[in-house]
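Throughout, residue positions are numbered sequentially from 1 according to the sequence presented. Predicted model, so just to flag it, every value in this text is computed and none were measured. Heavy-atom basis, side chains included; hydrogens, waters and symmetry copies ignored.
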Amino acid sequence: MPDKRTNAGYEITDSLHIGKYEFVIGQNNASPPMFVTWMCRNGNDYFWGHYVESREAAEEDLLLRASQELEQQKSEREVRKKHRKEPER
């Protein structure tokens with residue numbers, strides 16, 4: 001069983017990987033707000049925390065953030081693909 005991850009007193013309970021980023025939910029029963037979502041790089045570099053009061057709100061935020069990142073990465077791939085197809089002048 002993998003070790004439990006924590007950040008700033010919050011136990012990481014859920015995660016989604018989108019490209020080079022990970023989106024996580026942290027839970028701390030002793031500290032309001034009880035839940036947070038973070039973006040994460042390299043498994044331990046947490047940033048842009050969104051603090052919320054309920055698990056449901058944290059799950060919604062996690063999915064929203066991950067889907068926004070997925071759309072951003074798709075757009076970037078399309079731009080790179082378009083630039084590769086343009087002929088040189």
Tell me, please, which residues at least two apart from E76 pass side chain to side chain donor-acceptor pair (under 3.5 Å).
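Side chain to side chain donor-acceptor pair (under 3.5 Å) list for E76, sorted by chain: Q72.
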According to a 4.5 Å side-chain heavy-atom criterion applied to Ile, Leu, Val, Met, Phe, Trp and Tyr, with indirect links allowed, do L62 and M39 form part of one hydrophobic cluster?
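Yes, it is one cluster - the side chains of L62 and M39 are joined through contacts under 4.5 Å.
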Any link between V24 and V52 through a network of hydrophobic side chains (Ile, Leu, Val, Met, Phe, Trp, Tyr) touching at under 4.5 Å?
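No; V52 is not reachable from V24 via cluster members.
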Measuring from atom CD1 of I25 to atom CD1 of I12, what distance do you get when rounded to the nearest 0.5 angstrom?
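Atom-to-atom, I25:CD1 and I12:CD1 are 9.5 Å apart.
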Separation of H17 NE2 from C40 SG (nearest 0.5 Å)
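Answer for the SG-NE2 pair, C40 versus H17, is 8.0 Å.
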Please check if the side chain of R5 supplies one atom and the backbone of G43 the other of a donor-acceptor pair under 3.5 Å.
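Yes: the side chain of R5 pairs with the backbone of G43.
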Check for a donor-acceptor pair, side chain of N28 on one end and backbone N or O of G9 on the other, with a separation under 3.5 Å.
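Yes, because the side chain of N28 sits within donor-acceptor range (under 3.5 Å) of the backbone of G9.
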Provide the closest heavy-atom pair for [X] versus [Y] in the form atom of the first, atom of the second, distance.
| X | Y | answer |
| --- | --- | --- |
| E53 | P33 | OE2-CB, 3.3 Å |
| Q27 | N29 | NE2-OD1, 2.8 Å |
| F35 | A58 | CB-CB, 3.8 Å |
| S54 | A57 | OG-N, 3.0 Å |

Quiz item: cation-pi between R41 and F47, 6.0 Å / 45°
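Judged by the rule (NZ or CZ under 6.0 Å from the ring centre, within 45° of its axis), R41 counts as positioned above F47.
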Ignoring hydrogens and angles, write down the donor-acceptor pairs under 3.5 Å from the side chains of residues 63-70, residues two or more places apart or on other chains.
unit_1, atom_1, unit_2, atom_2, d
R65, NH1, T37, O, 3.0
R65, NH1, T37, OG1, 3.0
R65, NH1, W48, O, 3.0
R65, NH2, W48, O, 2.7
S67, OG, L63, O, 3.1
S67, OG, L64, O, 2.9
E69, OE2, Q73, NE2, 2.8

Return the orientation label for the W38 and Y46 ring planes: parallel under 30°, perpendicular over 60°, tilted otherwise.
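Tilted: the ring planes of W38 and Y46 meet at 30° to 60°.
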Side chains of Y51 and P32, heavy atoms from C-beta outward: is any pair under 4.5 Å?
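In short, these two side chains do not touch, never coming nearer than 4.5 Å.
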Side chains of R80 and H83: does their closest heavy-atom pair fall under 4.5 Å?
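Answer no - side chains too far apart.
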Tell me yes or no: between the side chains of E22 and S15, is some donor less than 3.5 Å from an acceptor?
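S15 and E22 do have a side-chain donor-acceptor pair below 3.5 Å.
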